[in-house]
There are 2 protein chains.
Amino acid sequence: MHSFTEENYLKTIYYLAARQEGEVTTNSLAEMTATKAASVSDMLRKLAEKQLIHYRKYQGVRLTEEGERLALKVIRRHRIWEVFLAEKLGFGWDEVHEMAEELEHIRSEDLVQKLDAFLGYPQFDPHGDPIPSPAGQMPTVEYTKLSEVTIGEEVQVMGVLEHSPEFLQHLDKTGLNLGCRVLVQDVNAFDKSVSVQINHEKTLFVSNEVARNLLVN
Amino acid sequence: MHSFTEENYLKTIYYLAARQEGEVTTNSLAEMTATKAASVSDMLRKLAEKQLIHYRKYQGVRLTEEGERLALKVIRRHRIWEVFLAEKLGFGWDEVHEMAEELEHIRSEDLVQKLDAFLGYPQFDPHGDPIPSPAGQMPTVEYTKLSEVTIGEEVQVMGVLEHSPEFLQHLDKTGLNLGCRVLVQDVNAFDKSVSVQINHEKTLFVSNEVARNLLVN
DNA sequence: ATAAAAATTTAGACTCGTCTAAAAATTTTT
DNA sequence: AAAAATTTTTAGACGAGTCTAAATTTTTAT
Ligand SMILES: [Mn+2]
Ligand SMILES: [Mn+2]
Ligand SMILES: [Mn+2]
Ligand SMILES: [Mn+2]
């Protein structure tokens, strides 16, 4: 069995690897896990011993097949629990992540399987992130950032890149929920802010900062 | 905040105190928590420092008000999760305890509150154990052991004293589920085994060992 | 009332995951 | 190509929770 801590490191390595090219660095892991580089170094040695990562000193780190399988298992559990919390218990998408961080470590194949069935085999979590298959495959989705959409195009909000409660609450307040239709009316040449029409109703301005973190299509 | 381990000790002290008179002993705690007396001694010192137990060396241990409040919180979470696992996910009453042992430590007031509402504020868990109130009160129930019931009386199965999967699976096999009606037809004078009629249908023999662990109304 | 037995606590050690400070390797700058 | 800056690793320590072995206290038996 693997500890909570090991599971968290694997998950974090997976996420960092997904968003850059090449190996994941010690410092980026330290930042993400809110620990110090020295602690990360220690843990990397342990994970390498257990064959969960490929690790060459000073050269960064990469998941082995087994490590990726485990990381995806944890991510699957996390996202399924998020669906449960949002759909069944009525939590907002800004509240579910923190609880899922704990629930994802509950160890029982059976539990996640039954929960998945109870939820009707959801494909996406409340943030629009795809749920890995039981076999450990991450579905590929190709979404565009709202900031990349050209004027005149109408798209649908499919997910978010930024997951902080503050950002999600901001979207709630402006009415930019998952699934809502967005027509790009204009892009400001100076600050790249976007003027959009939501669901063929109200018009609003979206800063580039927000637009870069909204996945559409 | 309190650690998983501290929560488990408090819960165990509560259970041991409930089933004996007087203080709880170091050895009984070591047995229940599957650790050694030396480890228990250490932990008792820590819990006493935190004012969660009354502790005089060599004289056993008793929960403080704060300690009992915490213990009941953990027990409440445990039993609510058990209801969820049985009612919503379809697990058997022999399967839920182990998972609830982990889920009971998920820290969120909001989560247990919403889960409670989702389940319709259940009063009893799948084993017939009462669920402590949000305020931290353990409901009093007065049940009798089936082994104490006199011939001719008809009672209803309300709970179990023994919670092992083996015992519960045995009850499943013989059809002695929660809520079923039991008419005591005869008690064997030699081994105290009981001849009972279930739901006015089939008759079966129940060993004294089983009858002592069945709570009836 | 002693002695023996049992229960409990203390002492010292170990693992896990973390830290700070120092050393070593790599990368960047000049 | 050196020197400087940055990144990473190692060394040594710590807290939580556990262990075994030894010391101490309490209980039971003689
Ligand atoms: Mn999340
Ligand atoms: Mn999510
Ligand atoms: Mn239980
Ligand atoms: Mn129960």
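So that the names make sense, note that chain A is the first sequence line, chain B the second, and so on, each numbered from 1. These numbers come from a predicted model, not from an experiment.
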State plainly whether the residues [X] and [Y] are in salt-bridge range, i.e. N to O under 4.0 Å.
X: B:E6; Y: B:K50; result: yes
X: B:E162; Y: B:R212; result: no
X: A:K114; Y: B:E95; result: no
X: A:E49; Y: A:R45; result: yes

Could you run through DNA chain C and flag its stems, i.e. three or more consecutive Watson-Crick or G-U pairs with both distances under 3.5 Å?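 Stems for DNA chain C, defined as runs of 3 or more consecutive pairs: C:1-30 with D:1-30.
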For the CD atom on B:E23, are there more than 12 heavy atoms of other groups (residues, nucleotides or ligands in this structure) within a distance under 6.0 Å? yes
Taking only the side-chain nitrogens and oxygens of [X], find out if one of them lies under 4.0 Å from OP1 or OP2 of [N].
X: B:K46; N: D:dG17; answer: yes
X: A:K36; N: C:dT20; answer: yes
X: B:Y9; N: D:dA16; answer: no
X: A:S41; N: D:dT9; answer: yes
X: A:Y55; N: D:dT9; answer: yes
X: B:N27; N: C:dA6; answer: no

Rounded to whole angstrom units, what separation is found between the [atom1] atom of [X] and the [atom2] atom of [N]?
X: B:R45; N: D:dT18; atom1: CZ; atom2: P; value: 13 Å
X: A:D42; N: C:dC19; atom1: CG; atom2: P; value: 11 Å
X: A:E31; N: C:dT18; atom1: CD; atom2: C1'; value: 18 Å
X: A:E7; N: C:dC16; atom1: CD; atom2: P; value: 16 Å
X: B:N8; N: D:dA16; atom1: CG; atom2: C1'; value: 14 Å
X: A:M43; N: C:dC16; atom1: CE; atom2: P; value: 9 Å
X: B:L44; N: C:dT10; atom1: CG; atom2: C1'; value: 14 Å
X: A:L47; N: C:dT18; atom1: CG; atom2: C1'; value: 15 Å

Closest to the B:A38 side chain, choosing from C:dT20, C:dT8, D:dT20: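 Output: D:dT20.
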When you check the side-chain N and O atoms of [X] and [Y], is any donor under 3.5 Å from an acceptor?
X: A:E66; Y: A:T64; result: no
X: B:Q156; Y: B:N217; result: no
X: B:D125; Y: B:W93; result: no
X: A:H78; Y: A:H97; result: yes

Against B:V61, only a single residue in B:L52, B:L44, B:T26, B:T25 fulfils side chain to side chain contact (heavy atoms under 4.5 Å, CB included); can you say which? B:L44
Checking the side chain of A:T174 only, and the main-chain atoms of A:H170 only, is there a donor and an acceptor separated by less than 3.5 Å? yes
Kindly state whether the ring of A:Y9 and the ring of A:F4 have centres lying under 6.0 angstrom apart.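 Here the rings of A:F4 and A:Y9 have centres that are no less than 6.0 Å from each other.
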Those residues of residues 13-24 of chain B lying under 4.0 Å from DNA chain D by at least one heavy atom: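 Within residues 13-24 of chain B, no residue comes under 4.0 Å of DNA chain D.
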Heavy atoms only, 4.0 Å cut-off, all strands: where does [X] land among base, sugar-phosphate and nothing?
X: A:S39; result: base
X: B:F4; result: nothing
X: B:T35; result: sugar-phosphate
X: B:T5; result: sugar-phosphate

Distances for protein N/O vs nucleotides 25-28 of chain C N/O pairs under 3.5 angstrom?
from: C:dA25; atom 1: O4'; to: A:Y58; atom 2: OH; distance (Å): 3.4

Member of B:R76, B:K73, B:R107 meeting the salt bridge (Lys or Arg N to Asp or Glu O under 4.0 Å) criterion with B:E7: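 It is B:R107; the other options fail the test.
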